[in-house]
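Note sheet for the following structure.
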Amino acid sequence: MGYLRIRSRHQPYEIAVLAAAPLCGILLMTLDVRPTSVQTSMPAPIQLAWELGLIAVGVGGLLGILWPGRLSTGLGLELASVLVLGTITGMYAVALLVMSGRNSIAATSFVMAVTVGSFWRAAQIAIDLRRLARACGIVPADQLRAGVT
């Protein structure tokens with residue numbers, strides 16, 4: 001069997017964004033304030049889903065990174081979280097651009113960087129999960145249960 005390479009689950013930028021997401025969601029909900037672009041471009045139920053999504057993404061992603069059990073479970077949680085994070089930040093970038101146009105180029109570019117980074121990380125995790133599944137298919141099940149590889 002060859003060398004199994006799983007990318008680190010402790011990437012500082014990803015952890016910082018995932019830690020900031022629930023904080024932002026909680027602040028938006030408790031302070032009852034929203035960016036003007038969000039208020040204008042998204043109906044109230046979508047705004048609520050966006051705020052709850054920020055909380056779920058952060059908690060789920062950090063849980064996946066710190067998951068003490070099976071590696072595949074932790075990677076799966078992290079994958080789901082970064083996919084939703086990419087979607088949520090993409091929604092916000094579109095709202096910014098539609099409402100503010102050229103005046104929001106800097107903010108939209110920054111938010112889109114988070115979107116692209118999230119989808120990039122999701123692709124890395126998907127590749128890692130595929131490698132892990134392939135490796136588990138090579139090693140006999142009794143060796144996996146015994147912890148011998």
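As the structure is a computational prediction, the values presented were derived from the model and not from experiment. Computation of the quantities below employed the complete heavy-atom set of this structure, encompassing side-chain atoms and omitting hydrogens, waters and symmetry-equivalent molecules.
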To the nearest 0.5 Å, what is the distance between [atom1] ([X]) and [atom2] ([Y])?
X      : Y     : atom1 : atom2 : result
Arg121 : Leu18 : CZ    : CG    : 10.0 Å
Leu48  : Met29 : CG    : CE    : 5.0 Å
Leu129 : Leu71 : CG    : CG    : 7.5 Å
Leu54  : Leu85 : CG    : CG    : 8.0 Å
Ser37  : Leu96 : OG    : CG    : 4.0 Å

Hey, mind stepping through Gln11 and Ile65 against side-chain contact (heavy atoms from CB on, under 4.5 Å) and telling me if it holds? CA-CA 9 Å; Gln11 299 187 12; Ile65 289 170; over 6 Å; no
Membership question, hydrophobic clusters at under 4.5 Å side-chain separation (ILVMFWY): are [Y] and [X] in the same one?
X      : Y      : result
Tyr13  : Trp120 : no
Phe110 : Val17  : no
Ile55  : Val114 : no
Val57  : Ile15  : yes
Leu132 : Leu79  : yes

Taking C-beta and beyond as the side chain, do [X] and [Y] meet within less than 4.5 Å on heavy atoms?
X     : Y     : answer
Pro35 : Leu28 : yes
Met99 : Thr36 : no
Leu83 : Thr87 : no
Glu78 : Leu63 : no

Where Leu62 and Ala19 come nearest, the two heavy atoms and their spacing: CD1-CA, 3.9 Å
Would you name the heavy atoms of Ile125 and Leu75 that are closest together and state the gap between them? CG2-O, 3.4 Å
Who are the side-chain hydrogen bond (donor to acceptor under 3.5 Å, both in side chains) partners of Thr115, not counting sequence neighbours? Thr89
Please check this pair: side chain of Ser81 against backbone of Leu77, looking for a donor-acceptor N/O pair closer than 3.5 Å. yes
Taking side chain to side chain contact (heavy atoms under 4.5 Å, CB included) as the test, write out the residues that go with Ile46, two or more places apart. Met42, Pro43, Met91
Output every pair passing side-chain hydrogen bond (donor to acceptor under 3.5 Å, both in side chains) with a member in residues 40-57, not counting sequence neighbours, ordered by first then second residue. Arg34-Gln47, Arg34-Glu51
